[in-house]
**Q** 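Quick one: structure below, then a few questions.
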Amino acid sequence: MVRIGLDGVAESLWQLESETIYSLSWSKDRLWVGTGLEGKIFSVEGRQGVLQQDLEEKQVVAFLPDGEGWAFATTNPSAFYRIGRESVRSGTYTSESFDAEGLADFGSFRWEGELAAKTAIRFSFRSGLSSDPDDTWSEWTAGKGGRQLGLEDVSAGRYFQWRGKFEGHDFQTPELRQVTISYRQRNVAPRIVSVEVLDPGQILVPSTFNPTNQVYEPANPNRQGIFSTVVPVPSSTNGRLKTLWKYGYRTLRWEAEDVNQDDLMYRLSFRTEVPLGTWMEMERDLKETYFSFDATALPEGIYRFRVEAVDRDEQASPPGLTSSLPSESVLIDHSPPALSEIIRGGAGETLRVSITDSLSPLREAVFSVDAGEWRPLLAVDGMLDERSETFEVPHLKSDALLLLRVTDAAFNAMTFNLLGEPNE
């Protein structure tokens, strides 16, 4: 709202956050403003706008002069109100519902304002679980006390509402400027949304992490020859974490939430699935939502990992609530593929090679001739998806070194010198 002076200078007076002005009227030495999208009437005196009426109707579209006072009209739905000139001794204001964003206990209600002689403001309160008051809300409870009223008799709820009855005397009215409500949310146990186990060898580190000679991203196989090299990891600014690779490591990653927005700590445990074992702790007091560990510390087998979230708010009621969620079954495999059979043909023919893995399906096969570039090799059946596969490797009489490198789904790899292996 802008005031324009006689000299043409415009001055901003008062601003509505979300309401749209539908009507204006000058009366009783102040400006009256009718709004929508929620029908409200404000009075503006000086620089201050005061809410005078919050209506059920959606728009206040017109103020009308009247011989005995003034009136206004609304739409959505249509209504007509007439306000007389006579003063009233009392009036009631009901607040909007306050959302505590969770089940809460309410502590005290404090108010600031002025009471002229023989005037009063009498407060009452209620609470409920729905945003709009309905039959599930508690009855109004009268407040007792002075400037600070206890709310012990108000039922716990998510939403809170207060009501003030203003009583005047001899043309003097009470004034209410501000109210403050204290409350405390009921503590709710955190929830583990998901637990994920990353592929073998994948680890998570902060995006600013500088790899050392122990943690790196490999380029394997190397296009220039049979030897793998360490490729520097470029710095990342797109995310908080980045994925690196370390042989033998596994990584747990999880997502958790807490409706009270409390800080969470995490505990990790594991157990064998075959045979079924007891849960054993592997780490505690974690703040991050991921954990990388050396899986070679575990014998081969099938395991399950469990993440437990612990509420850190010791002042909450009740304190220290927990929840947990186990992962899917995880295979820990340290054994590389093994050569089970090789059949040699004559010069210019192929070698028929059978490879078997004890636990995991095979995922990659490459071969190299005389220390040259690794070249991909398909299984005889056209798909590399079983624990046992057969390959046909080209072989020339002039070959001095013929290598076959096979990797399983757990990234265990083994290289075979096909010209140096005995016939099976």
Side-chain angles (χ1 to χ4, degrees), residues 197-203 211 213-234 243-251 294-296 300-302 330-424:
V197 182
L198 302 188
D199 288 340
Q202 287 188 332
I203 63 173
N213 60 348
Q214 295 185 6
V215 181
Y216 52 85
E217 288 183 339
N220 185 23
N222 190 324
R223 294 182 179 181
Q224 304 303 319
I226 64 173
F227 301 105
S228 297
T229 61
V230 177
V231 177
V233 180
T243 302
L244 301 183
W245 191 90
K246 186 169 184 177
Y247 178 75
Y249 270 60
R250 299 302 296 263
T251 296
D294 185 359
T296 61
E300 291 183 327
I302 300 176
V330 179
L331 173 65
I332 301 298
D333 177 13
H334 308 311
S335 300
L339 178 65
S340 58
E341 183 181 41
I342 179 170
I343 301 176
R344 292 187 173 89
E349 299 180 356
T350 60
L351 300 182
R352 192 175 182 88
V353 182
S354 295
I355 303 295
T356 301
D357 194 277
S358 59
L359 294 174
S360 301
L362 305 179
R363 62 167 295 168
E364 183 185 52
V366 292
F367 73 99
S368 171
V369 178
D370 293 340
E373 177 183 351
W374 288 111
R375 289 183 285 175
L377 188 65
L378 288 177
V380 171
D381 62 6
M383 297 185 65
L384 196 59
D385 58 352
E386 300 290 340
R387 287 190 296 164
S388 295
E389 297 283 2
T390 299
F391 304 93
E392 290 185 350
V393 185
H395 169 51
L396 299 176
K397 184 176 181 181
S398 59
D399 294 340
L401 182 65
L402 182 60
L403 301 181
L404 173 65
R405 181 177 177 85
V406 184
T407 305
D408 64 16
F411 290 96
N412 299 304
M414 180 61 72
T415 302
F416 306 97
N417 181 4
L418 299 183
L419 301 183
E421 301 287 347
N423 289 317
E424 297 292 336

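Remember, it's a predicted structure, so these values are computed and weren't measured experimentally.
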**Q** Counting N and O atoms only, with roles assigned by atom type, does the side chain of Asp357 sit under 3.5 Å from a partner on the main chain of Pro361, one being a donor and the other an acceptor?
**A**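 Looks like no, no N/O pair under 3.5 Å.
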**Q** Testing the basics here: between Gln202 and Thr251, what is the closest heavy-atom pair and its distance to 0.1 Å?
**A**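 Taking every non-hydrogen atom into account, O-OG1, 2.6 Å.
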**Q** May I ask you to decide if Ala295's main-chain N or O and Arg250's side chain share a donor-acceptor pair within less than 3.5 Å?
**A**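 No, Arg250 side chain to Ala295 backbone: no donor-acceptor pair under 3.5 Å.
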**Q** So, taking the atom named CD in Glu300 and the one named CG in Asn412, what distance separates them when rounded to the nearest 0.5 Å?
**A**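 Rounded to the nearest 0.5 Å, the CD-CG separation comes to 7.5 Å.
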**Q** First locate atom CG of Leu402, then atom CG of Leu419, and finally report the distance between them rounded to the nearest 0.5 Å.
**A**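 One finds 5.0 Å between CG of Leu402 and CG of Leu419.
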**Q** Please step through side chain to side chain contact (heavy atoms under 4.5 Å, CB included) for the pair Arg405 and Trp374, ending with a clear verdict.
**A** CA-CA 9 Å; Arg405 181 177 177 85; Trp374 288 111; 3.6 Å; yes
**Q** Does any donor atom in the side chain of Ser354 or Ser340 lie under 3.5 Å from an acceptor atom in the other side chain?
**A**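 Checked: Ser354/Ser340 side chains show no N/O donor-acceptor pair below 3.5 Å.
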**Q** Using the side chain to side chain contact (heavy atoms under 4.5 Å, CB included) rule, pick out the option among Val366, Leu362, Leu339 that qualifies with Val406.
**A**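 The single option meeting the side chain to side chain contact (heavy atoms under 4.5 Å, CB included) with Val406 is Leu362.
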**Q** Please round to the nearest 0.5 Å and tell me the distance separating atom CG of Asp399 and atom CG of Leu396.
**A**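 One finds 4.5 Å between CG of Asp399 and CG of Leu396.
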**Q** For Phe411, is there any backbone N or O sitting under 3.5 Å from a side-chain donor or acceptor partner on Asp408?
**A**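 Yes, Asp408 side chain to Phe411 backbone: donor-acceptor pair under 3.5 Å.
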**Q** With distance as the sole criterion, is a donor-acceptor pair present between the side chains of Asp294 and Tyr247 under 3.5 Å?
**A**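 Tyr247 and Asp294 do not have a side-chain donor-acceptor pair below 3.5 Å.
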**Q** Just how far is it from atom OG of Ser335 to atom CE of Met414, taken to the nearest 0.5 Å?
**A**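 Rounded to the nearest 0.5 Å, the OG-CE separation comes to 9.5 Å.
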**Q** Say whether, by atom type as modelled, one donor and one acceptor occur between the side chain of Thr350 and the main chain of Pro394 under 3.5 angstrom.
**A**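 Flag not set: sc Thr350 to bb Pro394 has no pair under 3.5 Å.
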**Q** How many angstroms lie between CZ in Arg387 and OG in Ser360, if you round to the nearest 0.5 Å?
**A**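 Arg387 CZ to Ser360 OG: 8.5 Å, rounded to 0.5 Å.
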**Q** Side chains of Val369 and Leu401: closer than 4.5 Å at any heavy-atom pair?
**A**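 The answer is no; the side chains never approach within 4.5 Å.
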**Q** Minimum heavy-atom separation for Phe391 to Ala365, with atom names?
**A**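 Minimum heavy-atom contact is CE2-CB, 3.6 Å.
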**Q** To the nearest 0.5 Å, tell me how far Leu418 CG sits from Leu404 CG.
**A**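 Here the interatomic distance stands at 5.0 Å.
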**Q** Let's go through Asp381 and Glu389 carefully: what are the C-alpha distance in whole Å and the side-chain angles of both, what is the deciding distance for side chain to side chain contact (heavy atoms under 4.5 Å, CB included) to 0.1 Å, and is it a yes or a no?
**A** CA-CA 8 Å; Asp381 62 6; Glu389 297 283 2; 3.4 Å; yes
**Q** Could you report the tightest heavy-atom contact between Glu392 and Leu377, atom names first, then the distance?
**A**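 Here Glu392 and Leu377 meet closest at O-CD1, 3.5 Å.
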**Q** Shortest non-hydrogen contact from Leu351 to His395?
**A**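 What the structure gives for the nearest pair is CG-CB, 3.8 Å.
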**Q** Test Thr296 against His334 for side chain to side chain contact (heavy atoms under 4.5 Å, CB included), laying out the working first.
**A** CA-CA 7 Å; Thr296 61; His334 308 311; 4.2 Å; yes
